[in-house]
K.L.:
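Sending over a structure as structure tokens; questions will come in a sec.
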Amino acid sequence: MNYNTTVLLIIIPILSSFLVYMPVGLIKKSFKIIFLATILFNLLFSLKIFSVVLKYGNLITIIGNYHPPFGINLVSSFFSILFLIALYIVFLISAIIFIFKNDTKNNQQKISSVLLLYLASFSEIILTGDLFNLFVFFEIFSISNIIIISLKNEKFSLKGSIKYLLISSIGSALLLFAIGYIYAILGTLNLAEIALNFEKISFFSKCFIIFFLMGSILSELEVFPFNLWISDSYAGAKNFVNILLSGISCVVSLYIFIRMFFTIFNYPSISLYSYNFPLDIKLLLLTFFSLSIIVNQLVALTSKNIKRILAFSSAATISTILFALTSGTKSGFSSAILLIISTIISKPLLFLSSHQITKGKMEKNLDSFKNGINRKRYFSILFIVSAIFFTGFPLTPAFFGKLMLFYTYASKLNYYTYFIIVIIFSITVEFFYYFRMIHKLFIKDETERENKNIKNNLSISYFVSGLTMISILIIFFIFPNIYEKVITKMSEEIFNQKEYIQTILKLGEK
Amino acid sequence: MKETDFNVGKFFAFLFLFIIFIFMLFPLFEQGNGLKIEKEIKDLRNRVSFAYSTKSVTDITKTLKESGDYSKYREIYNQERNDIRFKESANLENGSANIVTSIVLDYRGFDTLGELIVLFISIIGLTIILSNLNFVPFNPPTFLQKTGVLFLTPFIMLTSIYISLHGHLTPGGGFPAGSIIATLSLFLMIGYKFSYKLKFLNFIESTSGFLVFFLALLGLFITGSFLGNYLPTGIVGKLFSSYLILILYSLVSIKVGAELSVAIKTLYDGENNDR
Amino acid sequence: MIFYIFLIIFILSILSAIISITVKDILFSVLSLGFLSLLASILFLLMNAPDVAITEAAVGAALTTVIYLFGIRRTEREDK
Amino acid sequence: MIIGLLFYGIILSFLALFVRKKYNFLRWIIFSFYIFLTLFLTITIGKDSTYFETFNLISILNFDLSLNFRITPLGWLFTLFTTLLLFLTSIFSIVKNKNEDAERLINFFWFILIISNTGLFLADDLFTLFIFWELIGISSYFVISPGWVSSFRAVNYYFIFSIICSFFMFSGIMILYEGTGTFSIQKNVLYFISLFENSPLNAIFVAISLIIGFFVKSALFPFHIWPAQAHAKAPDDFSSVLSGIIIKYGLYRTILFFIPLFLFIKEYPVNHIMVNNIPLFSHILAWSGAITSIIATFLAIESNDMKKLAAYSTVANMGYITTALFSLSSFGIAGAIFHTINHAIFKTAIFLSIAAVKYRTHETQMHKLGGMAYKMPVTFLTFLLAIISAAGIPPLNGYVSKWMIYQGLLSSKFPFLTLAIFLSSTGAFMYLFRALHSIFLGQLPEKFDNVKEVPFLMQIPMYILMFLMVSIGIFPQFVINLINSVLTSYNISNINIKNSMIFSPLSGIDSVKVFLAFTGSFILAFILYLIGKPRKHVQPLDTYTAGQDPADFNLTRELYHFAYKFYGPFEHMFDSFRTDTKEFYDSIERKINEIGGYFRDFQSGSIRGTIYTFMLSFVLIIIYWWLL
């Protein structure tokens, strides 16, 4: 079905980012309202689209009255719109934190304009049905990441942002290579048409495309040898930026990964075989992701800085999700989705609460967590709850995710099964350092008695955003059946490549 | 950093390039069904872009819809199309005589608008990161600089206006025109120490950017699709034809010029030194 | 004839690319980069892509070089 | 009813959280009331009923997750004695925790532990089992170290080991689930048995991942160090729970899974390696139990901290139990279960009396104590009876179960194992005697002149424990009848018992007669003691110095106390055989830190390095692909 107003999800943020950027007196006073109103609009409008999607199935948005595969098109399916809604919620929270903080007063107008473009770019990345368009908005996405990482203007943040700049530019060069190659051999850039013809192209071309497309987003996915930027970036970035990086940036790249893997390559039934070069892509990816999991967990274990610990644990989780996706089965996919849900919700919360607990301390290391339960009771409880949710306590989404992960790899007893040991290692380490942090909250701090003047200020923006997230978490805890239907529907959609191609090339008419 | 490290870096860079090069060579020497497709695709008519060059996307879509079999679309591409005659054909999909422009701003216009944002956001990033730059005085302009700028200015101005207005007829368009405008402002800065207010430039770039997207958005309400063409396209090859492209391209050139001037000015003066 | 022109431009552009990454003086390397994009724009022109050629000439050869130069003016000229 | 019990437990635990610090005894009264409720219900439900309860949590993605509870003879028996002992401990805790740090936290997590205790033993499916297992692991982490820096390092071992074992168990469960499509224990055990027939290699993977949990939780050989660390640093009353109850969970699961498996293999030994009519795997496990008991005995002899000593004694006892269990004779299995119960009782008694001593003296080093028998007679008596029972000296309960273990081992023709167990049993006598001697006998240090007996409320559990030890020692038939019903459910021949007379294939005893004989001889000895010469009271400084001033040799009063290095020469004898497992784990930890630190530095390295790494790893992946 045609539903061309979906494009407003992208255009309205762009328009208001231009508006916000204007240095006119009237706008200067009211840019905060425009900023928040735009995000709210996007959230509400995506809900509206979601209801339409539920009614009619996949929606095709046509741009410039040219139908796919000729023109650019947006595809809003169940999977993508749900992703968008979740990301909008995270974005809204970090935007609230950003807008009510006064320490970026000089540049606040410019930064809010950047954030709106960020919003537009990830909406576009998720909705688009065209490879080159994805590339363009991916560029915007990474540039805005660079900007928001460097906001603190300190040694760490500048170093991190330069690292990110260099790595992401290599990555996008690879992506451009791959796109050029695809265009050269297939003559089209439409995802559906590429997917239709991908089987037919030769073995080495397939390998080339897979390697280059994957290589371009590996650095965004924080997979080990490509994630050298996260250490400095997370440690040097502002708090709301940490939330954006961990809650949105990774997840968007995961979305790209899933789309490419399942929609273009049709990974579950991919055949990579040439007369002398059989490629066991599953083994390749599994070794690769296992290495990444182990290294990230080890770094998180041995780091002292709180933000680094959280950053590397999130990187390890992303690798675990990729590990689950690599199995290429429905259960692996649903495990990945469950883990993504838990990451999206609880990771921002961890960053938010740990920032508040360590506020006012000189060094943000493990010792600054001491006596948190008495200093900042609300945020300590928030931290504990979200850590429990993140590590996969029974009956939380992460628990079900890990259950499904074990089930996926246990289901066929072959040599892939023994990769379970990596997961066991990872979970053990993760549990250990999260509980170490929780344990620190209860330890009395000897140095604290000297300065009792630390006021227990509860900033309202933090309070509200924390409360929102925690209520979502608890809803998930009490009604776990919510995500069952969602996941079945998502996996139906993702594992049905043919329907995706049909709806787009047949212009949405069934 | 020591010199040895630098050599190691160069070695890695060359290795990287070499492996990618080898990797790219593999598919070329391969036997298999990959080449078959390539042969098929080599014929321009099998490609999507064939429809762009004949300005017949709407027709093809209509045929595709009637046939209902999406797997045979390549055959449908191959059908005969009407010729387009210079200064004769009228009311086509878009009236741009320059095929590249028609692709860039019409068929794949959304990508170009994205590129606009890429430029916009990188300039914002530049100004945010470099917001604390100090003013570093230049030497006063010499006679040669002054005269050179005096001579060049009218030509550059003319070129930029020409390129931006003839984007739909001849090669060029908004981006080159904008960068030429920026060059102009650079020359003025060097030759005459002439400088705009930064706020003024910001206002221009955001307003023109807003207008570009707003005009594109009007298409959604008038023709039912974003970037849809709601202005008459006119006769191919005339100056006043394909009005939407004309307007958008001139706005783009203004926007790009202002943005690049902001970049130059920030690096030249520093942000906080509005004089 | 056209082949030889192509060949000369190719060789020149590769040379200037190598120079731009090996030379210690950043100013010189920036200038050679500018030269490289000039050559590239000629190449584009010869390959019947005037649009790209114009853009490359305006952006690559002129503006980028100038922006690099301004950057160098604010930092140090020698590569350490 | 079970679900209701668990539900009210959760509600009560949260309610108790809101009691003010001023009235904190109220919190502990709620706590012991809840345990009493559990005990009461356990007794009223009874063991024989085929009682079944289910609570559908959620059915998600072809997983039907529900909490299922069924009363099996084994589970009921375990629930009964653990709840009883927990109740006794909780009474002790009411007074003990009056001024404890972080006592609110301890209470909350202890509550959860007790809820999960009931859930674990009555669980009917693997999922329920796993959930409660996990809850126990996490809650005991917080009870052992509720924000105390000192116990943090100690608890790390426990925590890491328990997580590793729980997730290994989880992967084993998932492999079994994949085969059966259900979490029900019975079906999975059957499938597990058939898996051994069909694909032995995979079955061994599953078996290892299931048995690792047993090794860890029961502190068998390579993992035998955590009890000494955790028990020593835990709150004193919780140490008894750790040692008496938590260490038994692995055992329970092993009885569930492996005993049917091995019994099946013993009956149909086709395609299996058998040694001496016992499966090889079972043989290995039995030997690991024996090795554990010997090592732990030596470690206990060496240790100077009384809680550590008791902890190692626990490990040694777990060794006997394991050995007996895997001898696979009916006497062995029954003896193992019986000794589990007895061990829980006397170890609780030991730890409670240690806790009582510590409550008054705040001291755990044995050489700083002494002569407590005069000040704390009830505690002394409890401790005395408990170590008599632990050493397996006749009239008390430990004797009966140890006798059964020997019978079981001998009837399965395990002479060397019997010898090993005998050896460590002798060692047990050595260290237990030392503990008795240096804490309760000997000279009273001057600073403890004002020590009093603990309050009456803390004495009550001690009386009950003494009563239990003596009465089970005299009338073991009540417990053995319960164990017989367990044996029946596994199709093993019952223990032949008539009143208090136990008949074994080799011999038979009558515990009442044994009791009478020993009581008689004890009375005789007491009379002799009364008749004999009056004793002289010796001051501590009188004995050793031989006229020298100890300060000249840099010796403080404590260091030349006889309890310091009590078995010094003996330790010296085994210096070259000592296995320093803790050092091994510490070195692993150091290595991991080193590697992690290397990667950490690498991560925050220079910008140029980042780019090199990116390019190099991309190239390496392509090369790896070519090699693959």
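Below, chains carry the letters A, B, ... as their sequence lines are ordered, and counting in each starts from 1. These figures come from a predicted structure and were not determined experimentally.
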K.L.:
Check Arg600(D) against Ser303(A) and note the closest heavy-atom contact, atom names and distance.
P.N.:
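Taking Arg600(D) first and Ser303(A) second, the nearest heavy atoms are CD-OG, 3.6 Å.
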K.L.:
At a heavy-atom distance under 4.5 Å, which candidate from Thr428(A), Ile438(A), Leu298(A) has the highest pair count against chain D?
P.N.:
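Option with the greatest count: Thr428(A).
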K.L.:
Could you tell me whether the side chain of Phe393(A) reaches within less than 4.5 Å of the side chain of Leu135(D), counting heavy atoms only?
P.N.:
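Yes; the side chains approach each other to less than 4.5 Å.
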K.L.:
Heavy-atom cut-off 4.5 Å, strictly under: side chain, backbone, both or neither for Phe288(A) against chain D?
P.N.:
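Contact with chain D: side chain only.
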K.L.:
Would you indicate whether Tyr433(A), at its atom OH, is surrounded by more than 12 heavy atoms from other residues, nucleotides or ligands within a distance under 6.0 Å?
P.N.:
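Buried by this count: over 12 neighbours within 6.0 Å.
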K.L.:
With a sphere of 6.0 Å drawn around NZ of Lys489(A), does it hold more than 12 non-hydrogen atoms of other residues, nucleotides or ligands?
P.N.:
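Result for NZ/Lys489(A): enclosed.
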K.L.:
Might you point out which heavy atoms bring Phe614(D) and Gly215(A) nearest each other, and give the distance in Å?
P.N.:
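Residues Phe614(D) and Gly215(A), closest heavy atoms: CZ-O, 4.1 Å.
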K.L.:
Hey, could you give me the CG/CD1 distance between Leu284(A) and Ile621(D), rounded to the nearest 0.5 Å?
P.N.:
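If I round to the nearest 0.5 Å, the distance is 7.0 Å.
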K.L.:
What orientation do Phe399(A) and Phe127(D) show, parallel under 30°, tilted 30 to 60°, or perpendicular over 60°?
P.N.:
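Because their plane-to-plane angle lies in the 30° to 60° range, the rings of Phe399(A) and Phe127(D) count as tilted.
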K.L.:
As an exercise: rank Ile138(D), Thr613(D), Leu616(D) by heavy-atom pairs under 4.5 Å with chain A and give me the winner.
P.N.:
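Of Ile138(D), Thr613(D), Leu616(D), Ile138(D) has the most heavy-atom pairs under 4.5 Å with chain A.
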K.L.:
Once you round to the nearest 0.5 Å, how far does CD1 of Ile164(D) lie from CD1 of Ile424(A)?
P.N.:
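So the gap between those two atoms works out to 9.0 Å.
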K.L.:
So what's closer than 4.5 Å to chain A heavy atoms on Phe159(D): side chain, backbone, both or neither?
P.N.:
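Contact with chain A: side chain only.
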K.L.:
Tell me, do Leu174(A) and Phe618(D) make a side-chain contact under 4.5 Å, heavy atoms counted?
P.N.:
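The answer is yes, as the side chains (C-beta and beyond) meet within the 4.5 Å cut-off.
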K.L.:
Where on Leu620(D) is there a heavy atom nearer than 4.5 Å to chain A: the side chain, the backbone, both, or neither?
P.N.:
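Leu620(D) has no heavy atom closer than 4.5 Å to chain A.
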K.L.:
Verify side chain to side chain contact (heavy atoms under 4.5 Å, CB included) between Ile423(A) and Phe167(D), making sure each step is shown before the conclusion.
P.N.:
CA-CA 9 Å; Ile423(A) 301 294; Phe167(D) 283 103; over 6 Å; no
K.L.:
Please classify the contact between Glu134(D) and chain A as side chain, backbone, both or neither, with a heavy-atom cut-off of under 4.5 Å.
P.N.:
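Only the side chain of Glu134(D) comes within 4.5 Å of chain A.
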K.L.:
Look at the rings of Tyr141(D) and Phe435(A) and say which category their plane angle falls in: under 30° parallel, 30 to 60° tilted, over 60° perpendicular.
P.N.:
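Judged by the thresholds at 30° and 60°, the geometry between Tyr141(D) and Phe435(A) is perpendicular.
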K.L.:
How long is the straight-line distance from CG of Leu405(A) back to CZ of Phe170(D), given to the nearest 0.5 Å?
P.N.:
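Phe170(D) CZ to Leu405(A) CG: 9.5 Å, rounded to 0.5 Å.
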K.L.:
So which part of Ile160(D) gets closer than 4.5 Å to some heavy atom of chain A, the side chain, the backbone, both or neither?
P.N.:
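When you check distances to chain A, atoms from both the backbone and side chain of Ile160(D) fall under 4.5 Å.
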K.L.:
So which part of Leu65(D) gets closer than 4.5 Å to some heavy atom of chain A, the side chain, the backbone, both or neither?
P.N.:
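Only the side chain of Leu65(D) comes within 4.5 Å of chain A.
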K.L.:
Need one label for Asn227(A): side chain, backbone, both or neither, based on atoms under 4.5 Å from any heavy atom in chain D.
P.N.:
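When you check distances to chain D, atoms from both the backbone and side chain of Asn227(A) fall under 4.5 Å.
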K.L.:
Taking side chain as everything from C-beta outward and backbone as N, CA, C, O, which of these in Lys402(A) sits under 4.5 Å from a heavy atom of chain D? Side chain, backbone, both or neither.
P.N.:
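Contact with chain D: backbone only.
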K.L.:
Which pair of non-hydrogen atoms, one from Ser171(D) and one from Ile420(A), has the smallest distance, and what is that distance?
P.N.:
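Closest approach of Ser171(D) to Ile420(A): CB-CG2, 3.7 Å.
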K.L.:
Is chain D contacted by the side chain of Ile167(A), its backbone, both, or neither, given a heavy-atom distance below 4.5 Å?
P.N.:
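Interface part for Ile167(A): both.
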K.L.:
Between CD of Gln603(D) and CG of Asn296(A), what distance do you get to the nearest 0.5 Å?
P.N.:
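The CD atom of Gln603(D) sits 6.5 Å away from the CG atom of Asn296(A).
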K.L.:
Top residue by heavy-atom pair count (under 4.5 Å) with chain D, among Trp229(A), Phe224(A), Phe406(A)?
P.N.:
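That would be Phe406(A).
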K.L.:
Kindly compute the distance separating OG1 (Thr610(D)) from CG (Asp232(A)), expressed to the nearest 0.5 Å.
P.N.:
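The OG1 atom of Thr610(D) sits 8.0 Å away from the CG atom of Asp232(A).
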K.L.:
Using the side chain to side chain contact (heavy atoms under 4.5 Å, CB included) definition, which of the options Phe599(D), Phe602(D), Tyr598(D) pairs with Val299(A)?
P.N.:
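Single pass found, and it is Phe599(D).
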K.L.:
Heavy-atom cut-off 4.5 Å, strictly under: side chain, backbone, both or neither for Leu166(A) against chain D?
P.N.:
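Both parts, backbone and side chain.
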K.L.:
Checking heavy atoms, do the side chain of Ser331(A), its backbone, both or neither come under 4.5 Å from chain D?
P.N.:
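Answer is neither: Ser331(A) stays 4.5 Å or more from chain D.
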K.L.:
OG of Ser617(D) to CG of Leu291(A): how many Å apart, nearest 0.5 Å?
P.N.:
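If we round to the nearest 0.5 Å, Ser617(D):OG and Leu291(A):CG are 10.0 Å apart.
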